[in-house]
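Quick caveat, the model's predicted, so the values are computed rather than measured.
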Amino acid sequence: MLTEISVRGAREHNLKSVDVDIPRDKLVVITGLSGSGKSSLAFDTIYAEGQRRYVESLSAYARQFLEMMQKPDVDHIEGLSPAISIEQKTTSKNPRSTVGTVTEIYDYMRLLWARVGIPYSPTTGLPIESQTVSQMVDRIMALGDGTRIYLLSPIVRGRKGEYRKEFADLQKQGFQRVKVDGEFYLIEDAPTLDKKFKHDIDVVVDRIVLKDGIQQRLAESVETALGLSDGLLVAEIANKGDAASTDSDAERHLMSAKFACPVSGFTIEEIEPRLFSFNNPFGACPNCDGLGKKLHFSPELMVPDTSKTIRQGALAPWANKSNSPSPFYFQALESVGRHFDVDLDTPWEKLPQKACDAFLNGTGKQSITIIYADGKRRFEVNKPFEGVLHNVERRWRETDSNWMRDELSKYQTSAKCTKCHGNRLKPEALAVKIDGEHVSNITGLSIRHAFEWFNDLPEKLNSKQGAIAEKVLKEIQDRLGFLLSVGLEYLSLSRASGTLSGGESQRIRLASQIGSGLTGVLYVLDEPSIGLHQRDNDKLLETLQNLRDIGNTVLVVEHDEDAIRTADYVIDMGPGAGEHGGMIVAQGTAEEVMAHPDSLTDQYMTGKRSVPIPATRRPGKKGKFLTVKGATANNLKNVEGSIPLGTLTCITGVSGSGKSTFTIETLYKAVAKHLNGSRTVPGAHTEITGLEHLDKIVDIDQSPIGRTPRSNPAT
């Protein structure tokens, strides 16, 4: 069996016909200064060829779904395994993607809540129990004498298919009418259904006018309906004799023989895993479509500068290019000012709250006299004032112009959905609980606390629930354990994957790979220690060693000293960068590389060369500070911090301690809003002082500079 990956004549990018033998089933670190050819060797040569050969071994049918990599510029490579790369650019920016969905932990949680969860009534707070036929009859009779109702049995709910066989079976059983996708039909006239789309099919079991003495017939029909649809029944009020009523003009009362509250009538149709999915219409909150956030017009963005007066254009949506209100709008604002006896030359921040509220939200039902004059004519109207906020909302909703919609959307910001409070799910899903907690409560916990909660859960389940949950709990615990092992205990499962740093998303993929338990694989990693505190670095290296110990070759491109010292084998690239690099300066164990006289890495690791610590520090601009007070966004606990201006200031701390929340979410966004006119909403804080000393702020983050193939360093 081959014990080495043998590379001969690698010339990709700046590599100068490199020959190297890399030991298999070891932890190998490729190091060297930036631009020396580390990634060209690891990713563009070894990984690209390993991936290309593996894909080529698959059938032509399978290959069409996979990206075929170009053959690298190399003479030959032997000893390759199927290769998996774990890079920093793999974060999904999809707002529906969370840490829970990326790691598949949430899929197991949905299954757990569907099989072990107990539904509770939001009204009484008591567990929901099955509803009897007599209780359903009583509820239907309570609709009132003379009410015409359809008794429907929902046999298909949001599922794909043609259902020709089902229609034929119903006809044989004596049923005559069905309701398909909201429309009533005789069964023989039912439309041909497209099997690619989801459909709803209800069978009309009976049509009844409610009156005294009908209870016996009603009970029999209810039993028939429950039998057809596995315990579900819909009582739909017909629209005054119109036999073809649809959902839009009918009131539907859903009842369940399994889960219904006898007090409020709150009914959960079925407890299936899809009920807990915010990416499925059956589980997603209908108000925010399962995003947990909703765009709304923000008063803060309507009045970006509270030191301005209304005449100077404090109300930004109604201001023109010269930053004063347009004449038509200004006359309406003057009329409101007259009514509330306020001067439009008073700064916004000094106006009475009642007047500010009227300018933004309108006067409600209270009419005021609004005067319009164009120089020739004068109009006087007595009506309530709409308010700038409601005016912009209405125009955004009614316009057909994409330009106008984009223009007005500048005043929108996203906030927690008011219906689901950021939980992303329907009330029915949140009513199902295990140990008193709904699924979103647990995804909101940090991974450390979620691990402890699932650890204690078996003791709180009865023997039947325990038997059902045993295997699902093991899968959840294993995956949470892997995330803990790579130092991500501070993240929550509900955290959007688009907000993760490159290092965090890389470690999540790393945890998923440990969980897969594959052996004989070549893993290629791109600087996994980026953004890691030294405390978490040890956990990462332990994880890489575990990956090696189960029988894999781990190839890491890395600058970190601890990683280099931990590696079984080190390859030092150099000696310079770009055209001066592309060669192997030294290779062997860490000790052998450090003993090599030409290795620049050795000189820094042994202390022969170092980054000098300055003897004196810059005093900065004397007495000038940028100070943030009362910062409470995310996990910040009323933080106050002062940054001396004219200096290089470093903000550090363990991963998840609040560095980015303080620096980017609060400080940067607040200063950018004030100085650059940015329309971002900063994290919660009381005030920022020292802004008068600055004229600009720039955020340099990890996102790529150019995204198009035409972009290059010159452009």
Check: Could you give the distance from CZ (F454) to CD1 (I476), rounded to the nearest 0.5 Å?
Finding: 4.5 Å
Note to self: Between D572 and T601, is there a side-chain donor-acceptor contact under 3.5 Å, judged purely by atom types and distance?
What the structure shows: yes
Margin query: Side chains of D560 and S529 only: does a donor on one sit below 3.5 Å from an acceptor on the other?
Written below: no
Item checked: Between OG1 on residue T31 and CD on residue Q587, distance to nearest 0.5 Å -> 13.5 Å
Notebook entry, point to check: Can you pull the salt bridge (Lys or Arg N to Asp or Glu O under 4.0 Å) pairs that have at least one residue in residues 581-607, sequence neighbours excluded?
Noted result: D602-K608
Margin query: Show the nearest heavy-atom pair for residues K160 and K195, with the distance to one decimal.
Written below: CB-O, 3.3 Å
Checklist line | Contact summary for V557 and S39, nearest pair of heavy atoms | finding: CG1-OG, 4.3 Å
Check: With Q534, which residues qualify under side-chain hydrogen bond (donor to acceptor under 3.5 Å, both in side chains), at least two apart?
Finding: D562
Next item on the list: Over all heavy atoms of both residues, which pair between A511 and V486 is shortest? Give the atoms and the distance, please.
Entry: CB-CG2, 4.1 Å
Notebook entry, point to check: Taking only residues two or more places apart in sequence or in another chain, which ones pass ring pair (Phe, Tyr, Trp, His ring centres under 6.0 Å) with F662?
Noted result: none
Next item on the list: Please report the C-alpha distance between H13 and D44 in whole Å, then the side-chain angles of each, then the deciding distance to 0.1 Å, and finally whether the side chain to side chain donor-acceptor pair (under 3.5 Å) criterion is met.
Entry: CA-CA 9 Å; H13 297 155; D44 301 325; 3.2 Å; yes
Check: Below 4.0 angstrom, N of the basic side chain to O of the carboxylate: do K669 and E665 qualify?
Finding: yes
Notebook entry, point to check: Got more than 12 heavy atoms from elsewhere within 6.0 Å of NZ, K26?
Noted result: no
Notebook entry, point to check: Does E56 have any salt bridge (charged side-chain N to carboxylate O under 4.0 Å, His left out) partners at least two apart in sequence or in another chain, and if so, which?
Noted result: R52
Margin query: Quick one about S6 and E4 (side-chain donor to acceptor, distance below 3.5 Å, no hydrogens or angles considered), yes or no?
Written below: no
Check: Quick one: side-chain hydrogen bond (donor to acceptor under 3.5 Å, both in side chains) partners of Q51, sequence neighbours excluded?
Finding: none
Margin query: Can you confirm whether more than 12 heavy atoms, excluding those of F65, are under 6.0 Å from its CZ atom?
Written below: yes
Notebook entry, point to check: Can you name the closest pair of heavy atoms from I697 and N676 and give their distance?
Noted result: O-ND2, 3.2 Å
Checklist line | side-chain contact (heavy atoms from CB on, under 4.5 Å) partners for R159, two or more places apart | finding: V156, Y163, E270, R274
Note to self: I'd like to check the ring pair (Phe, Tyr, Trp, His ring centres under 6.0 Å) partners of F197; sequence neighbours left out, ordered by chain and number.
What the structure shows: none
Note to self: Could you work out, with side-chain contact (heavy atoms from CB on, under 4.5 Å) as the rule, every residue matching D75, not counting sequence neighbours?
What the structure shows: R11
Next item on the list: State, to 0.1 Å, how close E272 and A114 come at their nearest heavy-atom pair, and which atoms those are.
Entry: C-CB, 3.7 Å
Notebook entry, point to check: Hey, mind stepping through E579 and N14 against side chain to side chain donor-acceptor pair (under 3.5 Å) and telling me if it holds?
Noted result: CA-CA 6 Å; E579 63 182 23; N14 66 337; over 6 Å; no
Margin query: Any salt bridge linking D478 with K474? Criterion: basic side-chain nitrogen under 4.0 Å from a carboxylate oxygen.
Written below: yes
Margin query: Applying side-chain contact (heavy atoms from CB on, under 4.5 Å), can you list everything that pairs with D19, at least two apart in sequence or on another chain?
Written below: R8
Checklist line | Residue pair R24 / S81, side-chain donor-acceptor N/O under 3.5 Å | finding: yes
Item checked: Y490: which of R448, R495, E504 passes side chain to side chain donor-acceptor pair (under 3.5 Å) -> E504
Check: Can you list the residues that meet the side-chain contact (heavy atoms from CB on, under 4.5 Å) rule with K471, with sequence neighbours excluded?
Finding: none
Notebook entry, point to check: Name the one of I84, L510, L555 that satisfies side chain to side chain contact (heavy atoms under 4.5 Å, CB included) with L525?
Noted result: L510
Next item on the list: Consider only side-chain N and O atoms of S494 and T443, and report whether a donor and an acceptor are under 3.5 Å apart.
Entry: no
Item checked: Partners passing side-chain hydrogen bond (donor to acceptor under 3.5 Å, both in side chains) against E437 (at least two apart in sequence or in another chain) -> N441
Check: Residues two or more places apart in sequence or in another chain: which of them pass ring pair (Phe, Tyr, Trp, His ring centres under 6.0 Å) with Y47?
Finding: none
Notebook entry, point to check: For the residue pair I564 and A590, what are the closest heavy atoms and their distance?
Noted result: O-CB, 3.5 Å
Item checked: Working for salt bridge (Lys or Arg N to Asp or Glu O under 4.0 Å), residues E489 and K539 -> CA-CA 11 Å; E489 70 269 7; K539 293 180 182 175; 3.3 Å; yes
Item checked: Donor on one side chain, acceptor on other, T566 and Q545, under 3.5 Å -> no
Notebook entry, point to check: Has K416 got more than 12 heavy atoms of other residues, nucleotides or ligands less than 6.0 Å from its NZ?
Noted result: no
